[in-house]
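Shown next, in structure tokens, is the structure this report addresses.
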Amino acid sequence: MKNLFLSAAIVLGGLTSFASTTPITNSIVKVISVADDYTEIKLEELPAPIVEALKKAYPDAVITKAYKNEKSEYKLDVTVGDKVGNLFANADGTWIKK
């Protein structure tokens, strides 16, 4: 009987040592950086197809600022009435969704 209690104590003691392991924490950090990399340009430097496409799509629009990146994509800060927004276009006047 003594051996039965001793073996039961050893088995239960062994099980508790497995239960006391330290929890493993996984920390995943996702970093998303949106790099526009647009540099401001003068309004006179905008290609004519972009200006024509803007006049066709938004006749009352006024370009306040223009930017260009290394892919020759243009970002336009545009005001239409009391609304302000951004438009993106290629050098040939094709609109880009971003």
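Fair warning: this is a prediction, and the values are worked out from it, not measured in the lab.
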Please say yes or no: joined through hydrophobic side-chain contacts below 4.5 Å, possibly via intermediate residues, are [X] and [Y] part of one cluster?
| X | Y | value |
| --- | --- | --- |
| V78 | F88 | no |
| I50 | V80 | yes |
| L54 | L43 | yes |
| L87 | V62 | no |

Nearest heavy-atom pair of [X] and [Y]: which atoms, and what distance?
| X | Y | answer |
| --- | --- | --- |
| A91 | P47 | O-CB, 3.7 Å |
| L76 | A66 | CD2-CB, 4.1 Å |
| G93 | A53 | O-CB, 3.5 Å |
| L46 | Y74 | CD2-CD2, 3.8 Å |
| V84 | T79 | CG2-OG1, 4.1 Å |

What distance separates [X] [atom1] from [Y] [atom2], expressed to the nearest 0.5 Å?
| X | Y | atom1 | atom2 | value |
| --- | --- | --- | --- | --- |
| N86 | K65 | CG | NZ | 11.0 Å |
| K68 | K42 | NZ | NZ | 14.5 Å |
| D60 | K83 | CG | NZ | 12.0 Å |

Check: What class does the angle between the rings of W95 and Y58 fall in, given that below 30° is parallel, 30 to 60° is tilted and above 60° is perpendicular?
Finding: perpendicular

Note to self: Evaluate Y67 against D77 for side chain to side chain contact (heavy atoms under 4.5 Å, CB included), listing each step before the verdict.
What the structure shows: CA-CA 8 Å; Y67 305 90; D77 289 344; 3.3 Å; yes

Next item on the list: Look only at the side chain of N90 and the backbone of D92, and say whether a donor-acceptor pair between them is shorter than 3.5 Å.
Entry: no

